[in-house]
Protein chains: 2
Amino acid sequence: MAETIIPKATAKRLPLYYRYLTFLANSGTTKVSSTELSEAVKVDSATIRRDFSYFGALGKRGYGYDVNDLIKFFKKILNQDRLTNVALVGVGNLGHALLNYNFRQANNIRISAGFDLNPEIAGTIQSGVPIYPMADMVEQLREQQIEIVILTVPTDAAQDITDDLVKAGIKGIMNFTPLRISVPSYVRVQNVDLATELQTLIYFLEHYGPTLKDADDAE
Amino acid sequence: MAETIIPKATAKRLPLYYRYLTFLANSGTTKVSSTELSEAVKVDSATIRRDFSYFGALGKRGYGYDVNDLIKFFKKILNQDRLTNVALVGVGNLGHALLNYNFRQANNIRISAGFDLNPEIAGTIQSGVPIYPMADMVEQLREQQIEIVILTVPTDAAQDITDDLVKAGIKGIMNFTPLRISVPSYVRVQNVDLATELQTLIYFLEHYGPTLKDADDAE
DNA sequence: GCAATATTGTGCAATATTTCGCTTTTCAAC
DNA sequence: GTTGAAAAGCGAAATATTGCACAATATTGC
Ligand SMILES: NC(=O)c1ccc[n+]([C@@H]2O[C@H](COP(=O)([O-])OP(=O)(O)OC[C@H]3O[C@@H](n4cnc5c(N)ncnc54)[C@H](O)[C@@H]3O)[C@@H](O)[C@H]2O)c1
Ligand SMILES: NC(=O)c1ccc[n+]([C@@H]2O[C@H](COP(=O)([O-])OP(=O)(O)OC[C@H]3O[C@@H](n4cnc5c(N)ncnc54)[C@H](O)[C@@H]3O)[C@@H](O)[C@H]2O)c1
């Protein structure tokens, strides 16, 4: 399915590059060097060149990269040329914050359905997104052919709901609960463990010297 | 400052282990093997043993690890034996969700001050946390000796505010904005880039075969 | 058209991390 | 005690990722 096979570490940086490139394009910049990009996204310039090189020779030696060419290229690679619908399960504190965020603008992603147990929320429309009761979840996901879900339910409920999501044919879950959910191998889970990240930050501050690079990104 | 020097990858997993260990302790379990842990946290058992071994021989061959011993040990390592105060800058959608979350229960972390530009919020108390106007930020951070800040402001304001945070003596920033902020080398930034992670998930679904491990954690 | 300059693309070495496979130790049962 | 099974600890190989350093090549100004 993949052209060549891109290192995972590279894949994780692509959206970052893409966002900065669109920013450059919006401010009228037409060319960019790996050194300039490096400063903006805080990734070593050699790493950027290597990352790009996996996709072929996208730049011109002695000149740099054409911003619009890169955007056109990465737009396809990153599925930014079509809208991706995702669902939100658990419309509580975090869920609401995510609902209110415009993922569409920069990422062409839309939360197109929400699900919640709470009867006061289920059946309403929040920030323009219909919230369904849990009983309708599998059916709605199937019907709307949604393959990606953001999971922001209480930890206790996470595994049971996950099992239902799998039944509904979900392919990817962005999991905000601290539970490491179990899924079949064909389902991909991206854990976003905010408390852990905060603790990791504290650990680094306590145990590592002041000058140390990276440590980034939830990973 | 560090005993030995723990690989970054290991450090990132410690809070995960710690959480599961406290869960085990709460349910009355007194011993655990690397294999059992492995299933719960989805980290290879050899990796877990290696991670633990950086801190010495914490287990007993043929038996496993004593849950309470491990907890006692990691509690110190992870600063869980004392309360860590952090500040929240930008009390909007995301900020509110974080304010309402009890980091103290599992992580002994507390948001003890908030800051916001909006005069309708500044001066109030939200979820038990006083919100100050931006003009008071540097002073309050210094006074309360807060070293860690969660940054949830609009992207445009992120760099300017970061510069002030650095002036206030902040050591660590958990950055929720998509901007890669610039800081001096003695300040550590942990980026939590939700939109990017969602895009990465989509990328993996499109371009990698179904069976592939890991890719986890904002990292 | 030529020289000077900028900047890519990449071989390769360095570094980081994971995983295998085996040895050693401990525990539990008899 | 003795024995068998379980599981840690760890050397070393495998894998993944980064970053240096430089040759190759395009661009720009003259
Ligand atoms: N809020 C944060 O800042 C934060 C930080 C770190 C981790 N988390 C994690 O994110 C998850 C959500 O946190 P939150 O603060 O939004 O919680 P919340 O309690 O505010 O929201 C949970 C939502 O899920 C709904 N819900 C409860 N049981 C359900 C079920 N069985 N099926 C469907 N919906 C159900 C509730 O009605 C509620 O709307 C939790 O696992 C939490 O640990 C949150
Ligand atoms: N909400 C999400 O789900 C989400 C998702 C991905 C990324 N983010 C990022 O997180 C950040 C915050 O998002 P949000 O949705 O909470 O935004 P928001 O607009 O709801 O909240 C921002 C808050 O910052 C305050 N603010 C504005 N300018 C300020 C300044 N100069 N100084 C101090 N405070 C100021 C505002 O009053 C507001 O309370 C943004 O950078 C956004 O891109 C949010």
Side-chain angles (χ1 to χ4, degrees), chain A residues 2 4-14 16-17 21 24 29-67 69-70 73 200 204 208-209 211-217 219, chain B residues 2 4-14 16-17 21 24 29-67 69-70 73-74 200 204 208 211-217 219:
Chain A
T4 332
I5 186 80
I6 305 307
K8 255 186 321 178
T10 295
K12 289 191 198 175
R13 286 186 291 265
L14 297 182
L16 192 59
Y17 300 147
L21 289 169
L24 285 180
T29 313
T30 59
K31 75 161 196 172
V32 67
S33 70
S34 59
T35 316
E36 292 170 89
L37 261 175
S38 173
E39 269 168 46
V41 300
K42 318 280 192 228
V43 171
D44 186 90
S45 68
T47 300
I48 294 178
R49 291 197 296 281
R50 169 93 45 190
D51 284 347
F52 287 0
S53 78
Y54 290 119
F55 300 98
L58 304 180
K60 289 181 196 173
R61 295 175 187 222
Y63 175 82
Y65 299 88
D66 183 283
V67 173
D69 283 359
L70 282 185
F73 188 79
T200 301
F204 282 143
Y208 287 70
T211 312
L212 180 70
K213 283 185 263 175
D214 181 73
D216 252 329
D217 302 273
E219 52 266 22
Chain B
T4 334
I5 186 80
I6 305 306
K8 254 184 324 177
T10 296
K12 290 190 198 175
R13 284 186 291 264
L14 297 183
L16 191 59
Y17 299 148
L21 290 168
L24 284 181
T29 312
T30 58
K31 76 161 196 172
V32 67
S33 70
S34 59
T35 316
E36 291 170 272
L37 262 175
S38 174
E39 268 167 48
V41 300
K42 318 280 190 227
V43 171
D44 186 90
S45 68
T47 301
I48 294 178
R49 290 198 298 279
R50 170 87 45 184
D51 284 346
F52 287 1
S53 78
Y54 289 119
F55 300 98
L58 304 181
K60 289 182 193 170
R61 297 177 186 219
Y63 175 80
Y65 299 90
D66 183 282
V67 172
D69 283 358
L70 281 184
F73 186 80
F74 284 123
T200 300
F204 282 144
Y208 286 71
T211 313
L212 180 70
K213 283 186 265 176
D214 181 73
D216 252 329
D217 303 271
E219 229 98 315

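Every chain is numbered from 1, with letters handed out A, B, ... down the list of sequences. These figures come from a predicted structure and were not determined experimentally.
Partners of Thr35(B) according to the side chain to side chain contact (heavy atoms under 4.5 Å, CB included) rule, which considers only residues two or more places apart in sequence or in another chain, are Ser33(B). Under the rule for a side chain to side chain contact (heavy atoms under 4.5 Å, CB included), the partners of Ala40(B) that lie at least two apart in sequence or sit in another chain are Tyr20(B). Partners of Thr30(A) under the side chain to side chain contact (heavy atoms under 4.5 Å, CB included) rule, at least two apart in sequence or in another chain, do not exist in this structure. Take Ser45(A) and apply the side chain to side chain donor-acceptor pair (under 3.5 Å) test, not counting sequence neighbours, and it matches Arg49(A). Shown here are the salt bridge (charged side-chain N to carboxylate O under 4.0 Å, His left out) partners of Arg13(A), two or more places apart in sequence or in another chain: Asp51(A). Partners of Tyr65(B) according to the ring pair (Phe, Tyr, Trp, His ring centres under 6.0 Å) rule, which considers only residues two or more places apart in sequence or in another chain, are Phe52(B). Applying the side chain to side chain contact (heavy atoms under 4.5 Å, CB included) criterion to Asp66(A), with sequence neighbours excluded, gives Asn68(A), Asp69(A).
Rounded to whole Å, atom P of dT15(C) lies 16 Å from atom CZ of Arg50(A). Atom CG of Asp44(A) and atom C1' of dT7(C) are 14 Å apart (whole Å). Atom pair Ile48(A):CD1 and dT18(D):P shows a separation of 11 Å (rounding to whole Å applied). Distance Asp66(B) CG to dT26(C) P: 15 Å, rounded to the nearest Å. Atom-to-atom, CZ of Arg13(B) to C1' of dA16(C) comes out at 11 Å; the value is rounded to the nearest Å. To the nearest angstrom, P of dG9(C) lies 13 Å from CZ of Phe55(A). Distance, Phe52(A) CZ to dT17(D) P: 17 Å, rounded to whole Å.
Base-pairing analysis of DNA chain D finds the following stems of at least three consecutive Watson-Crick or G-U pairs, with both pairing distances under 3.5 Å: C:1-30 with D:1-30.
Ala11(B) approaches Tyr208(A) most closely through the heavy-atom pair CB-OH, 3.9 Å.
Put simply, OG1 on Thr10(B) and OH on Tyr54(B) are 5.0 Å apart, with the number rounded to the nearest 0.5 Å.
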Short N/O separations, protein against nucleotides 5-8 of chain D, under 3.5 angstrom:
from	atom 1	to	atom 2	distance (Å)
dA7(D)	O4'	Gly62(B)	N	3.3
dA7(D)	N3	Gly62(B)	N	3.3
dA8(D)	OP1	Ser34(B)	N	2.8
dA8(D)	OP2	Ser34(B)	OG	2.5

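The side chain of Thr47(A) contributes an N or O atom lying less than 4.0 Å from OP1 or OP2 of dG19(D).
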